[in-house]
Amino acid sequence: MAHRQRTRRSAVQREEVDSGTVELLADPDRSRAWTLLLDGIPQSHVDLDDPCYLDFEYVRRLGHVADLAAPPGKPLQALHLGGGGLTLPRYIASTRPRSTQQVVELDAALVALVRRTLPLERTWRIRIRTGDAREVLSRAPEDAFDLVISDAYAGSRTPAHLTSVEFVSSAARVLRSDGLFAANVADGAPLAFARAQAATLRAVLPEVCLIADPGVLRGRRFGNLILVGGRVEPPVAALTRMAAADPFPGRVLYGSELTKFIAGAAPVTDATARPSPNPPSGIF
């Protein structure tokens, strides 16, 4: 889910799917690019001519994580929890040929729409499974993935069962020893949800960093924060350089800075889990 407004053109398609109404809008600046909205909320931007183009700020930051998850060009084994328009799987397939990727998307009708209107290249090794992200994750093989990305939303909110220590533990189980877990977290002032999510990830994986816009970190606006965790230190220096060079520069918090950000927040468990907060009215 992206917290950014775009100038709209007429929808090229409007269709009911399992989770709501999808609009597919043409990008006025790119000839074969489209923004996918679900119930008016921007979910994905896809450029069929240039899969390496990442329009949404938070997706670029997830792209940085994918760029640094292995040496340049080396194929990845990646698991995406949440599909949408499959922007990041397309990016990885293009930047890392021969990567093997699995995508879990709850909405089967949305998957069918994306396959039909935003088709994947036949040579890309992308397998899409329909189902609940946590349920499918629980059946995934141990020690199988270099990268696990959690970006699953129900409308504009992350479901509660995808926010807990138990969920992150399930993701850690399928990660290789040097693998990375990344999660897209949406929050605004006072950032209580994001602080608790950082504490939750740290309770499972010892090395964690956070990437976000300074305005979001200061609570000046609602937005996306990217959490990255692993058993080994994330590539903090490289992430810092890449985030700083973004069109909307970001900051990376790690070590004592992240501890200060967490500010004593308790990890979330299944018993205490709540969905992410509703975004402010009119943000889209």
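Basis for what follows: all heavy atoms, side chains included, without hydrogens, waters or symmetry-related copies. Note that the structure is predicted; figures quoted are calculated from it, not measured.
A donor-acceptor pair under 3.5 Å is absent between the side-chain atoms of Arg134 and the main chain of Ser170, judged by distance alone. A donor-acceptor pair is defined here as one N or O able to donate and one able to accept, closer than 3.5 Å; no such pair exists between the side chain of Asn184 and the backbone of Ile226. Ser164 contributes no side-chain N or O that, together with a main-chain N or O of Thr269, makes up a donor-acceptor pair within less than 3.5 Å. Put simply, the side chain of Ser150 never gets that close to the backbone of Ala183: no donor and acceptor are under 3.5 Å apart. The backbone N or O of Ser19 lies less than 3.5 Å from a partner atom in the side chain of Asp107, making a donor-acceptor pair.
Pairing each heavy atom of Ala78 with each of Phe145, the nearest pair is C-CD2, 3.7 Å. Between Pro89 and Val103, the shortest heavy-atom distance links the atoms CG-CG2, 3.7 Å. Of all heavy-atom pairs between Glu207 and Val232, the closest is CB-O, 3.4 Å. Shown here for Ser156 and Asn278, the closest heavy-atom pair between the two residues is OG-OD1, 4.0 Å. Of all heavy-atom pairs between Ala186 and Phe193, the closest is O-CD2, 3.9 Å. Of all non-hydrogen atoms in Pro159 and Ala152, the two that sit nearest each other are CD-O, 3.5 Å.
Residues Leu147 and Tyr58 share a hydrophobic cluster, clusters being chains of Ile/Leu/Val/Met/Phe/Trp/Tyr side chains in contact below 4.5 Å. Cluster membership check: Phe181 shares its hydrophobic cluster with Leu225, using side-chain heavy-atom separations under 4.5 Å among Ile, Leu, Val, Met, Phe, Trp and Tyr. Leu137 is connected to Leu201 through a chain of hydrophobic side-chain contacts under 4.5 Å among Ile, Leu, Val, Met, Phe, Trp and Tyr, so both are in one cluster. Val17 and Leu106 fall into different hydrophobic clusters, where Ile, Leu, Val, Met, Phe, Trp and Tyr side chains are chained together by heavy-atom contacts under 4.5 Å. Hydrophobic clustering places Leu88 together with Leu239 (ILVMFWY residues linked when any side-chain heavy atoms are closer than 4.5 Å, directly or through intermediates).
In this structure, the separation between CH2 on Trp34 and CG on Leu118 is 8.0 Å, given to the nearest 0.5 Å. Rounded to the nearest 0.5 Å, atoms OG1 (Thr163) and CG (Asp270) are 8.0 Å apart. The CG atom of Leu210 sits 11.0 Å away from the CD atom of Gln197 when rounded to the nearest 0.5 Å. Taking OG1 of Thr200 as the start and CZ of Phe167 as the end, the distance is 11.0 Å to the nearest 0.5 Å. Between the CZ atom in Arg274 and the NE2 atom in His161 there is a gap of 15.0 Å [rounded to 0.5 Å]. Here the straight-line distance linking atom CZ of Arg115 with atom CG of Leu113 works out to 12.0 Å at 0.5 Å rounding.
The shortest distance between side-chain heavy atoms of Asp187 and Asn224 does not fall below 4.5 Å. Using a 4.5 Å cut-off on side-chain heavy atoms (C-beta onward), Leu180 and Val148 make no contact. Ile92 is listed as a side-chain neighbour of His80, based on a closest heavy-atom distance under 4.5 Å. Side-chain contact check for Leu37 versus Leu25: some heavy-atom pair is nearer than 4.5 Å. Residues Thr21 and Leu38 have side chains not in contact (no heavy-atom distance under 4.5 Å, counting atoms from C-beta outward). Residues Gln102 and Arg129 meet the side-chain proximity criterion, which asks for heavy atoms closer than 4.5 Å. Between Arg30 and Asp49 the shortest side-chain heavy-atom distance does not fall below 4.5 Å. Side-chain contact between Thr240 and Val236: present, with at least one pair of heavy atoms (C-beta onward) separated by less than 4.5 Å.
The pair Glu257-Arg251 counts as a salt bridge, with a side-chain nitrogen and a carboxylate oxygen less than 4.0 angstrom apart. Salt-bridge check for Glu15 with Arg116: passed, with a basic side-chain N closer than 4.0 Å to an acidic carboxylate O. One finds no salt bridge joining Asp50 and Arg90 here, because no Lys/Arg side-chain nitrogen approaches an Asp/Glu carboxylate oxygen to under 4.0 Å. Between Glu57 and Arg221 a salt bridge is recorded (basic side-chain N to carboxylate O distance below 4.0 Å). Looking at Asp178 and Arg231, no side-chain N of the basic residue comes within less than 4.0 Å of a carboxylate O on the acidic one, giving no salt bridge. Salt bridge present: Glu23 and Arg14 bring a charged side-chain N and a carboxylate O closer than 4.0 Å.
Of the candidates Val111, Leu36, Ile128, Val46, Leu86 forms a side-chain contact (heavy atoms from CB on, under 4.5 Å) with just one, namely Ile128. Checking each of Val168, Val185, Ile211, Leu253 against Leu227 for a side-chain contact (heavy atoms from CB on, under 4.5 Å) leaves exactly one that passes, namely Val185.
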Before you tell me yes or no, could you show the steps for Leu54 and Thr87 under side-chain contact (heavy atoms from CB on, under 4.5 Å), namely the whole-Å CA-CA distance, both residues' side-chain angles and the distance that decides it to 0.1 Å? CA-CA 8 Å; Leu54 303 178; Thr87 306; 3.8 Å; yes
Side chain to side chain donor-acceptor pair (under 3.5 Å) assessment of Asp67 paired with Tyr91: CA-CA 10 Å; Asp67 289 342; Tyr91 176 82; 2.8 Å; yes
Step by step, work out the side-chain contact (heavy atoms from CB on, under 4.5 Å) result for His64 and Asp246. CA-CA 10 Å; His64 298 334; Asp246 279 341; 2.9 Å; yes
Test Val208 against Leu258 for side-chain contact (heavy atoms from CB on, under 4.5 Å), laying out the working first. CA-CA 8 Å; Val208 177; Leu258 185 62; 3.7 Å; yes
Given salt bridge (charged side-chain N to carboxylate O under 4.0 Å, His left out), test Arg176 with Asp146 step by step and report yes or no. CA-CA 6 Å; Arg176 291 174 175 164; Asp146 304 299; 3.2 Å; yes
Dump the intermediate steps for side chain to side chain donor-acceptor pair (under 3.5 Å) on Asp27 and His45, then the final yes or no. CA-CA 9 Å; Asp27 186 327; His45 181 278; 2.8 Å; yes
May I have the step-by-step check of side-chain contact (heavy atoms from CB on, under 4.5 Å) for Thr95 and Cys52, ending in yes or no? CA-CA 7 Å; Thr95 57; Cys52 293; 3.6 Å; yes
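A cation-pi contact, defined as under 6.0 Å to the ring centre and within 45° of the axis, links Arg195 to Phe261.
Judged by distance alone, the side chains of Tyr153 and Asp151 never bring a donor and an acceptor atom under 3.5 Å apart. In summary, the side chains of Thr259 and Arg202 do present a donor paired with an acceptor at a separation below 3.5 Å, with no hydrogens or angles considered.
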